[in-house]
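As structure tokens, the structure follows; a few thoughts come after it.
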Amino acid sequence: MKNKNDNRKRVIVDFKKLTPEILAMLVEKYPDGYDDDQIISFRNQHNEIIEAVEVNTEDTKYLVKVSTKLAVTMENYDEDDYEDFDTDDPEAVQDPEILDEDLDDDDDNEDDND
């Protein structure tokens with residue numbers, strides 16, 4: 001039996017494109033952060049493995065790429081920080097200050113040239 005929402009638009013969201021609206025949905029769905037069993041892994045068009053967490057609206061399924069920046073931003077979320085921005089403004093969500101204890105691995109190392 002097919003889910004009635006299978007025809008939703010699917011959008012992959014990188015931290016750089018994260019909007020206050022999507023961030024708020026993530027924090028609502030994962031108030032204590034996300035666990036490994038909530039992470040979806042898939043291959044993108046370049047055959048790279050992508051890890052993401054999912055949030056849905058009535059017409060869109062968002063797959064938000066997992067990163068230390070995302071985890072820290074969700075942990076420190078305060079909706080008042082975004083009240084002066086449009087809900088769809090990706091410039092509103094700024095890179096968090098990452099402390100050494102926030103790094104659990106090198107998942108944000110985009111310069112990794114294996």
Side-chain angles (χ1 to χ4, degrees):
M1 183 173 170
K2 278 195 150 198
N3 184 329
K4 68 178 181 172
N5 291 324
D6 282 348
N7 60 349
R8 285 183 286 186
K9 179 171 68 169
R10 290 177 169 83
V11 178
I12 299 171
V13 181
D14 188 55
F15 186 85
K16 294 177 282 217
K17 301 291 184 185
L18 189 63
T19 64
E21 176 184 34
I22 297 170
L23 178 57
M25 289 188 302
L26 283 168
V27 171
E28 183 178 326
K29 182 171 182 179
Y30 307 103
D32 298 320
Y34 46 83
D35 294 323
D36 288 343
D37 62 342
Q38 295 167 314
I39 296 174
I40 299 166
S41 296
F42 61 94
R43 292 192 180 272
N44 66 8
Q45 71 270 21
H46 304 293
N47 207 30
E48 300 164 330
I49 295 176
I50 303 297
E51 293 184 331
V53 288
E54 179 182 285
V55 289
N56 297 299
T57 63
E58 194 170 300
D59 63 346
T60 306
K61 178 184 287 191
Y62 293 99
L63 294 173
V64 183
K65 291 182 183 179
V66 170
S67 68
T68 301
K69 289 179 186 178
L70 177 64
V72 170
T73 300
M74 287 175 64
E75 185 177 305
N76 297 316
Y77 177 76
D78 182 350
E79 68 181 281
D80 293 340
D81 293 343
Y82 304 100
E83 65 185 10
D84 295 333
F85 295 92
D86 291 333
T87 60
D88 62 348
D89 183 357
E91 298 291 318
V93 181
Q94 298 296 309
D95 282 1
E97 187 173 316
I98 305 290
L99 305 174
D100 286 342
E101 61 264 17
D102 292 328
L103 297 174
D104 54 7
D105 60 16
D106 63 349
D107 62 348
D108 272 348
N109 187 357
E110 296 175 9
D111 297 322
D112 195 5
N113 295 321
D114 289 334

* Could you state whether Tyr30 and Val11 fall into the same hydrophobic cluster, counting links through intermediate Ile, Leu, Val, Met, Phe, Trp or Tyr residues with side-chain heavy atoms under 4.5 angstrom apart? =>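 Yes; Val11 is reachable from Tyr30 via cluster members.
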
Looking only at non-hydrogen atoms, find the nearest pair between [X] and [Y] and report the distance.
{"X": "Tyr34", "Y": "Ser67", "result": "OH-O, 3.5 Å"}
{"X": "Val66", "Y": "Leu70", "result": "CA-CD2, 4.2 Å"}
{"X": "Gln38", "Y": "Val53", "result": "O-CG1, 3.9 Å"}
{"X": "Met25", "Y": "Asn56", "result": "SD-O, 4.2 Å"}
{"X": "Lys65", "Y": "Ile50", "result": "CG-CG2, 3.9 Å"}
{"X": "Leu18", "Y": "Leu26", "result": "CD1-CD1, 4.2 Å"}

Tell me, do [X] and [Y] make a side-chain contact under 4.5 Å, heavy atoms counted?
{"X": "Thr60", "Y": "Arg8", "answer": "no"}
{"X": "Thr19", "Y": "Tyr62", "answer": "no"}
{"X": "Ile22", "Y": "Lys17", "answer": "no"}

When rounded to the nearest 0.5 angstrom, what is the spacing between [atom1] in [X] and [atom2] in [Y]?
{"X": "Glu54", "Y": "Leu63", "atom1": "CD", "atom2": "CG", "value": "6.0 Å"}
{"X": "Asp36", "Y": "Ile39", "atom1": "CG", "atom2": "CD1", "value": "5.0 Å"}
{"X": "Tyr77", "Y": "Glu28", "atom1": "OH", "atom2": "CD", "value": "9.5 Å"}

List, one per line, each side-chain donor-acceptor pair under 3.5 Å for residues 87-96, sequence neighbours excluded.
from: Asp89; atom 1: OD1; to: Glu91; atom 2: N; distance (Å): 2.8
from: Gln94; atom 1: NE2; to: Glu91; atom 2: O; distance (Å): 2.3
from: Asp95; atom 1: OD2; to: Lys69; atom 2: NZ; distance (Å): 3.3

* Asp78 side chain to Asp80 main-chain N or O, any donor-acceptor pair under 3.5 Å? ->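 Indeed, once roles are kept as given, a pair shorter than 3.5 Å links the two residues.
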
* Asked: With Glu48, which residues qualify under side chain to side chain contact (heavy atoms under 4.5 Å, CB included), at least two apart?
  ->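 Scan of Glu48 (side chain to side chain contact (heavy atoms under 4.5 Å, CB included), adjacent residues dropped) gives Asn44, His46.
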
* Does CG belonging to Asn76 count more than 12 external heavy atoms closer than 6.0 Å? ->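 Yes, enclosed.
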
* Please say whether more than 12 non-hydrogen atoms of neighbouring residues, nucleotides or ligands are located less than 6.0 Å from NZ in Lys29. =>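 Yes, because the 6.0 Å sphere around NZ of Lys29 holds more than 12 heavy atoms from other groups.
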
